[in-house]
Number of protein chains: 2
Amino acid sequence: MATMKDVAALANVGVGTVSRVLNDSGAVKESTRRKVQAAMKELNYIPNAYARGLKMNKTYTVALIIPTIWHPFFSEFAYYVERNLSEHKFKMLLCNSDVSNEKELEYIQMVQENKVDGIIGITYSDLDNFVSSHLPFVTIDRHFKEETVCVTSDNFQAGQLAVEKLVEKGCRKLGYIGTHSRFPSETTKRRAGFVEQAERMNIPYAIYDEMDPVLDLLAGIKTFFEKHPDVDGVFAHTDFIALDILEVLDAMERHVPEEIQIIGCDGIKMEAGRRQIVSTIRQPVDLMAQAAVKKIIELIDGEAVKEKITLPVTYIEGPTTKNNCVK
Amino acid sequence: MATMKDVAALANVGVGTVSRVLNDSGAVKESTRRKVQAAMKELNYIPNAYARGLKMNKTYTVALIIPTIWHPFFSEFAYYVERNLSEHKFKMLLCNSDVSNEKELEYIQMVQENKVDGIIGITYSDLDNFVSSHLPFVTIDRHFKEETVCVTSDNFQAGQLAVEKLVEKGCRKLGYIGTHSRFPSETTKRRAGFVEQAERMNIPYAIYDEMDPVLDLLAGIKTFFEKHPDVDGVFAHTDFIALDILEVLDAMERHVPEEIQIIGCDGIKMEAGRRQIVSTIRQPVDLMAQAAVKKIIELIDGEAVKEKITLPVTYIEGPTTKNNCVK
DNA sequence: CTGTTAGCGCATTCAT
DNA sequence: ATGAATGCGCTAACAG
């Protein structure tokens, strides 16, 4: 592997000059620049990012820590994060925590050893206590402390919007079905928004909300519908829970959307271009990723304002609601 | 950030000794070892992987190049690759090529600069011409040259198995519906296996196979069924195509699986623990990832046999076939 | 404009 | 068993 020294020797210049043409820093005479470039090409020179990183104390690498990439929401998010990072000449180290506190901490150690410039994390430990405050950190859906930069979608609005749509589509009694983590998360506001809007619209509702990990969610959902047979519109905390609800209702021979309508949350798609799997309140995943990358780079460059960024959600019609209503 | 020198100073030893206890190399007196460890803890010492990488010319990093992480097959694969790498103390750099030849080449340049120890790739360019033969490379579903290590599932068997199952379930005339890349891929054998088995079982069949990118696949599928109204069993080249077929048949008011049965291929699941979306021939994604990681590490350690690894596929019953038949 | 030099943090000789 | 010295490839500061 050719090094800068080899290039310098072949071009009959000093290594400083090679560095200058490589980085386009300092002034270099056009003729020497061409000489150097020719030498680089001839030797098939490839700069060594490790040497540069060691010297500069900057690696142009960001770690993305998520529970698991094997999930449409996270994989879409990761896709856009990588794409945005790539556009800024950054690389992405992917870390699957499996929602394990222990693995999260292992990754924190690892990324520090690997001198990542920053971390974008969807995590569930109190990582902020372990990340040196010098390490730029952007969190998603989770507001640790005031000083942490957090990107989230408007979860409260999501709950409100779901109620609005369900009522608009003729529902008379609503249900909220969800689970929540032991740790604080912005997503709990989905339920709050649901409740607030239902109260405001003066529409009756029932709630089934359990803490993760849930042993038998399907059984819980079934019990819920047996207890509340008059519920004809459901807001599910996630699209996956909406799928579970569909399964239960199918087994109970209750038809969706004719008898009961369901709106999920997240707006997951299995791949770009494919449609949502249920009617849903969609998080603007692409914009969230874009915002997260923008923020992390600002933090890295030391020019970021610490703030919480909340992006708006939208309703997307799918197969689990009636679409023959007044819009 | 504390360095080895700081630790050495605090522990009153030389940097060599610190390096020795850190890497458990060479002999160190127990008492000094403890002194050093105490100093490391006190200073909250974190080894610098960039310095080490520069020195050792090894980074414990592998790049995964895939078309897009936003796809259940690739995200499951990436999940298992990362997990297996992680168990071997390796890190994973994720690269989404978007099936763009240009981006693939950019990534190749990038990962070379970043001194990755190896590449696992699901790619569509002739990357082998651009990767220095010194860079360990494991490819999935794509056999470049004899010397390339390739991991794939038994695509031919997949086609055979699908025919077997469809016939077993009572189908009298089969259809194969798929698309294929402009580039050679192991997956084209799915069709070959389908044809071979149908011939052998002496069962009539029709084929619709177009080259990507397809402008209007749904229209093509519709035409196929109009032309072959007697087809009552279909093997789809992928699960996603199976979904498309479902959509078309739904619009044509032909019932699945009562009138027509469909078997997809890949066995995608949206997340761990969730079920397949259609009846399918499943690739052993976890084993493929495991094999790929094992191979790449062997290549890195210079002890790999160059070979093609073919893993068996299995049939998984889903909602698009009749399950009331003799097994 | 350009050549020379001093580290960046670490692993590894080579003496001791 | 351990301390000192060398260099991995690069950038930046300095001297010309």
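Quick note on labels: first sequence line is chain A, next is B, and so on, each numbered from 1.
If you measure from atom CE of A/M56 to atom P of D/dC8, you get 21 Å, rounded to the nearest angstrom. Rounded to whole angstrom, the span from the CG atom of B/L54 across to the P atom of D/dC10 amounts to 9 Å. Computed from coordinates, the A/K5 NZ to D/dC10 P distance equals 11 Å when rounded to whole Å. In this structure, the CE atom of B/M4 is 6 Å from the C1' atom of C/dC10, given to the nearest Å. Taking atom OH on A/Y60 and atom P on D/dC10, their separation rounds to 16 Å, with Å as the unit. Computed from coordinates, the B/K115 NZ to C/dC10 P distance equals 20 Å when rounded to whole Å. Rounded to whole Å, atom P of D/dC8 lies 18 Å from atom CG of B/N48. Residue B/I46 contributes atom CD1, which lies 19 Å from atom P of C/dC8 at whole-angstrom precision.
In this model, the phosphate group of D/dT11 is not approached by any side-chain N or O of A/R20 to a distance below 4.0 Å at OP1 or OP2. Within the structure, a side-chain polar atom (N or O) of A/Y45 is placed less than 4.0 Å from OP1 or OP2 of D/dC10. Put simply, B/S19 has a side-chain N or O that comes within less than 4.0 Å of OP1 or OP2 on C/dA11.
Among the atoms of the strands shown, only primed sugar atoms or phosphate atoms (P, OP1, OP2) are found under 4.0 Å from some heavy atom of A/V28. Residue-level contact check: A/K55 touches the bases, meaning some heavy atom is under 4.0 Å from a base atom. Backbone-only contact: B/T3 has heavy atoms under 4.0 Å from sugar-phosphate atoms and none from a base. Heavy atoms of B/D6 sit nowhere under 4.0 angstrom from any nucleic acid atom. Across all strands shown, A/V13 has heavy atoms under 4.0 Å from sugar-phosphate atoms exclusively, and none from any base. Counting non-hydrogen atoms under 4.0 angstrom, A/N23 reaches the backbone sugars and phosphates but no base. Among the heavy atoms of the strands lying under 4.0 Å from B/T32 are primed sugar atoms or P, OP1, OP2 only; no base atom is included.
Remark: the B/Q283 side chain and the B/D266 side chain contain an N/O donor-acceptor pair separated by less than 3.5 Å. At a cut-off of 3.5 Å, with distance as the only test, no side-chain donor of A/Y79 or A/N84 sits close to an acceptor on the other residue.
Aromatic ring orientation, A/F77 versus A/F73: parallel (interplanar angle below 30°, classes split at 30° and 60°).
Between B/Y80 and A/W70, the distance from one ring center to the other falls under 6.0 angstrom.
A cation-pi arrangement is present between A/K58 and A/Y60, with the terminal nitrogen or guanidinium carbon under 6.0 Å from the aromatic centre and inside a 45° cone about the axis.
Mapped onto DNA chain D by nearest heavy atom, B/S31 and A/V18 fall at different nucleotides, with B/S31 at the one closer to the 5' end.
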